[in-house]
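These numbers were taken from a predicted model, which means no experiment stands behind them. In what follows, every chain begins at residue 1, and chains take the letters A, B, ... in the order their sequences are listed.
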Amino acid sequence: MNTLNKKIHSKLIMNLGLLFAVATLVLSCSPNENQEVTTLNNLVLEDDFLIDGAPDPVLWGFDIGDGAAQGIPGWGNNESQYYTDRSENVVVEDGMLKITALKESYQGSDYTSARILTKGKYQRKFGRFEARIKLPWGQGIWPAFWLLGDDSNATQVWPQIGEIDIMEYRGQEPTIVHGSLHGPGYSGGQAITKQYDLVSERFDTDFHVFGIEWGPDYINYYVDDVLYNQITPQDVTREWVFNDNEFYIIMNLAVGGTFAGSPGLNTVYPQTMQVDYVRVYE
Amino acid sequence: MKIKFYKIVVLLAVFFMISVSCERDLSDDAIPATFDKTGEVYTDAFINMGSDFYFPFAGSKPDAFSEDFEVGYQSNSSIRIDVPNAIDPTGNYAGAILRVDGAGRDLSGFNALTFWVKASQGISVDAFGFGQDFFEDKYQVTANNVNVGTNWSKVTIPIPDPSKLVQERGTFWYAMGTLGTGGSGYIVWLDDIKFEKLETIAQPRPAISNGVDLTTNSFIGVNLLVTGLIETFNLASGLDQTVTVAPSYYDFTASDSNVAPVDPLGNITIQTSGTSIITATLAGIEAAGSLSVNSLGNFQLPPAPTRNPNNVISIFSDVYTNVPVDYYNGFWTPGSTTGSADFSVNGDNILNYTDFNYVGTQTANPLTDASSMTMVHFDIYIPGPVPSNFDFLISIEDWGANGVDNGGDDSRQQIFVRRNQVIADTWVSIDAPLTLANRNNIGLIIYENINFSSLRNFYLDNVYYYN
């Protein structure tokens with residue numbers, strides 16, 4: 001009897017230890033409050049998309065077409081859409097930038113959409129780039145918020161110019177986004193990348209903030225208040241091309257392509273990527 | 001054994017206490033629940049289901065349902081369903097509802113029924129769902145043809161509008177047979193059946209008429225039903241889940257209630273001539289699809305039969321008592337495209353064949369003995385213009401002494417209906433002598449287009465043998 005009691009007692013103590021561990025784990029349901037998500041807080045660029053119409057031409061230009069004219073049909077990724085600057089595909093209204101993918105025959109493509117960029121209008125090295133976005137959804141839908149390095153009047157080519165993908169997303173994986181880095185020797189399928197999974201929420205039902213903090217020899221990736229990755233020269237296999245070049249911002253919504261795969265029969269159109277704001281801090 | 005149980009309870013209790021502390025406290029203004037807000041139906045045991053909760057369907061093998069105390073999803077217990085072989089004399093499928101014994105539950109705080117399932121072989125389960133209570137089945141929701149493999153997987157059945165489920169007794173139901181397994185039985189295990197609130201269920205897309213804009217011609221007094229009630233959701237996996245939804249989740253609207261009003265259950269009653277378009281919303285979301293009803297005015301009923309019932313064997317009529325009929329449309333696949341849109345006008349039921357190529361009425365249980373009859377009667381109505389290439393054949397098939405279709409001793413009588421015998425928008429009576437030598441084992445009456453006739457739609461009433 002005594003021995004049995006003892007046994008139970010010691011077992012209970014053991015289990016209490018276990019419980020304490022479990023409790024600690026469960027209690028940490030919010031991210032560590034000491035985590036430094038951002039340190040650059042001096043706002044130097046802000047587009048809140050408050051004026052209805054086309055995106056502000058001082059800041060944004062357009063890429064038009066299917067990429068063939070640029071020498072990269074399918075924009076280098078076998079994408080299926082034709083980019084336009086029509087208001088059906090890109091418009092500012094209700095305080096949002098709306099980039100909309102439509103299923104329609106247009107200039108030989110089966111889909112239309114839009115891609116806007118600050119090339120030649122706003123470029124910089126280093127800083128904190130973030131945007132608050134509600135994403136679209138569905139098989140083959142591929143929105144992105146990213147930075148591309150200046151090509152020095154076409155004297156340099158991708159991937160040498162560098163590419164920082166702040167947010168990429170496959171419409172068929174509504175809880176997951178990807179942050180990636182492309183450079184010489186680590187581009188395309190060999191890019192340095194990490195995914196972030198909301199697990200119990202989705203990216204197409206509410207707005208989320210996607211950002212990077214970029215400085216000498218580091219790029220930090222975050223979603224909302226969660227820092228989920230840091231990439232430094234130690235993580236890349238070859239040359240780090242992010243300390244010298246200026247980069248510009250691109251926001252686009254692709255349909256199909258190597259990253260997201262072909263759109264499915266059940267993919268619903270139109271699909272809209274809604275951007276509440278784009279901000280840059282230093 | 002007892003110690004182990006105690007351990008689990010303590011562990012769980014502390015775990016829950018701590019987990020709960022992450023959530024917001026209830027407001028002081030919160031009103032206490034009137035009904036049980038429990039979401040769990042079966043975890044390691046039945047939860048708050050009472051004692052009398054298992055109700056099998058008629059014809060289902062009643063003892064197919066049991067609890068398994070060895071197999072479970074991350075546990076040692078589950079619900080086990082032994083789907084019988086098709087030839088099992090005690091029931092050839094497994095189907096039942098699990099209904100709360102007592103007052104219903106308030107499930108309005110959840111948005112999905114979820115459970116884990118696996119089977120002894122890969123199968124497609126005919127139906128899983130909730131909201132069936134054998135009373136009104138008012139808020140029934142069904143996922144059909146659910147893919148179940150040999151390893152545990154989670155099934156999510158979204159609730160179209162949780163605010164409706166404030167007192168629901170029908171917590172779970174299933175139906176599974178052996179059509180897809182060549183008649184061989186198998187085992188299905190179910191575990192962790194519960195209602196959950198999942199933020200990852202999104203993009204609700206309700207539909208009526210299966211999302212298609214349908215048009216139908218009809219008449220005063222006809223009762224129609226809005227069908228094709230479905231809703232599709234996108235799950236965390238990125239995959240869509242479509243469910244069949246009871247009409248009570250929808251709010252129906254008729255564009256002209258004077259022509260054809262629609263009631264909360266989707267019943268349409270045509271009042272006068274004109275057009276009324278039926279649309280719907282579900283939980284405030286506009287449903288895709290519609291049903292446009294064109295009422296052409298008064299429907300002309302066929303002349304009521306006046307023959308002495310003692311001299312009649314009726315197959316389809318509201319005047320006589322019909323013999324047992326297996327079906328009026330066998331939906332024979334592959335081959336037959338014929339659908340059915342049967343309706344009733346002031347209590348007179350009318351067969352309506354749509355997308356017609358050929359269709360049959362089977363009377364095999366028992367076979368019809370028309371040996372004392374000399375004639376056969378049909379009333380046929382062709383709505384709209386009669387195609388110029390109209391050519392129609394009625395075949396009456398006797399299955400012979402062995403009573404087996406295509407059993408080697410079948411005989412068949414053909415009755416041709418030609419273009420000059422029919423008139424558009426008018427009932428035409430066909431009376432033909434029964435010339436079959438053997439007509440004591442009649443199993444089939446077949447209607448078909450012949451010689452490339454392009455008839456697609458007709459009504460049929462008062463089919464009977466007589467002398």
Side-chain angles (χ1 to χ4, degrees), chain A residues 3-31 134-142 169-177 197-206 208 260-261 263-272, chain B residues 1-25 110-112 114 145 154 156 158 194 196-207 210-212 230-243 283-289:
Chain A
T3 346
L4 185 66
N5 267 339
K6 246 187 182 168
K7 247 183 171 172
I8 295 167
H9 193 68
S10 61
K11 265 204 161 170
L12 260 176
I13 289 171
M14 232 171 71
N15 285 332
L16 279 171
L18 202 99
L19 273 174
F20 187 73
V22 170
T24 318
L25 274 173
V26 172
L27 269 172
S28 59
C29 27
S30 60
K134 184 174 167 183
L135 292 173
W137 64 283
Q139 167 67 44
I141 299 294
W142 176 15
Y169 159 96
R170 299 180 176 105
Q172 64 268 31
E173 295 174 349
T175 66
I176 297 170
V177 290
D197 191 340
L198 280 178
V199 181
S200 58
E201 284 178 76
R202 303 167 60 109
F203 287 108
D204 60 337
T205 52
D206 210 344
H208 293 272
L265 290 173
N266 297 326
T267 304
V268 175
Y269 303 93
Q271 282 298 326
T272 300
Chain B
M1 200 63 185
K2 260 187 181 166
I3 296 164
K4 212 171 171 188
F5 182 69
Y6 174 71
K7 236 169 70 180
I8 290 166
V9 167
V10 171
L11 242 153
L12 277 176
V14 177
F15 186 88
F16 277 125
M17 268 163 56
I18 292 164
S19 301
V20 163
S21 70
C22 287
E23 290 171 15
R24 279 184 301 174
D25 290 333
F110 305 105
N111 67 353
T114 68
N145 306 319
K154 189 176 183 179
T156 300
K194 60 186 171 191
E196 285 190 86
K197 172 84 172 167
L198 298 171
E199 299 297 337
T200 51
I201 296 174
Q203 312 300 349
R205 283 155 285 155
N210 290 312
V212 177
I230 55 172
E231 186 167 23
T232 302
F233 299 82
N234 196 253
L235 306 182
S237 60
L239 298 175
D240 279 345
Q241 174 68 55
T242 298
V243 291
I285 304 170
E286 200 173 310

Smallest separation among heavy atoms of [X] and [Y], with atom names:
X: B:Asn234; Y: A:Pro174; result: OD1-CG, 3.9 Å
X: B:Ala202; Y: A:Thr205; result: CB-CG2, 3.4 Å
X: B:Ile201; Y: A:Arg202; result: N-CD, 4.5 Å

When rounded to the nearest 0.5 angstrom, what distance separates OG1 in A:Thr175 from CG in B:Leu235?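 Interatomic distance, A:Thr175 OG1 to B:Leu235 CG, rounded to 0.5 Å: 11.5 Å.
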For B:Leu239, is it the side chain, the backbone, both, or neither that has a heavy atom closer than 4.5 Å to a heavy atom of chain A?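 Nothing of B:Leu239, per the 4.5 Å heavy-atom cut-off to chain A.
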Proximal component of B:Thr232, with respect to chain A [non-hydrogen, under 4.5 Å]: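 No part of it gets close to chain A.
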Set of residues satisfying salt bridge (charged side-chain N to carboxylate O under 4.0 Å, His left out) with respect to B:Lys197, sequence neighbours excluded: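 B:Lys197: no salt bridge (charged side-chain N to carboxylate O under 4.0 Å, His left out) contacts found.
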For A:Asp206, is it the side chain, the backbone, both or neither that has a heavy atom under 4.5 Å from a heavy atom of chain B?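 No part of A:Asp206 comes within 4.5 Å of chain B.
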Proximity breakdown for A:Val199 and chain B, heavy-atom pairs closer than 4.5 Å: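 The backbone, not the side chain.
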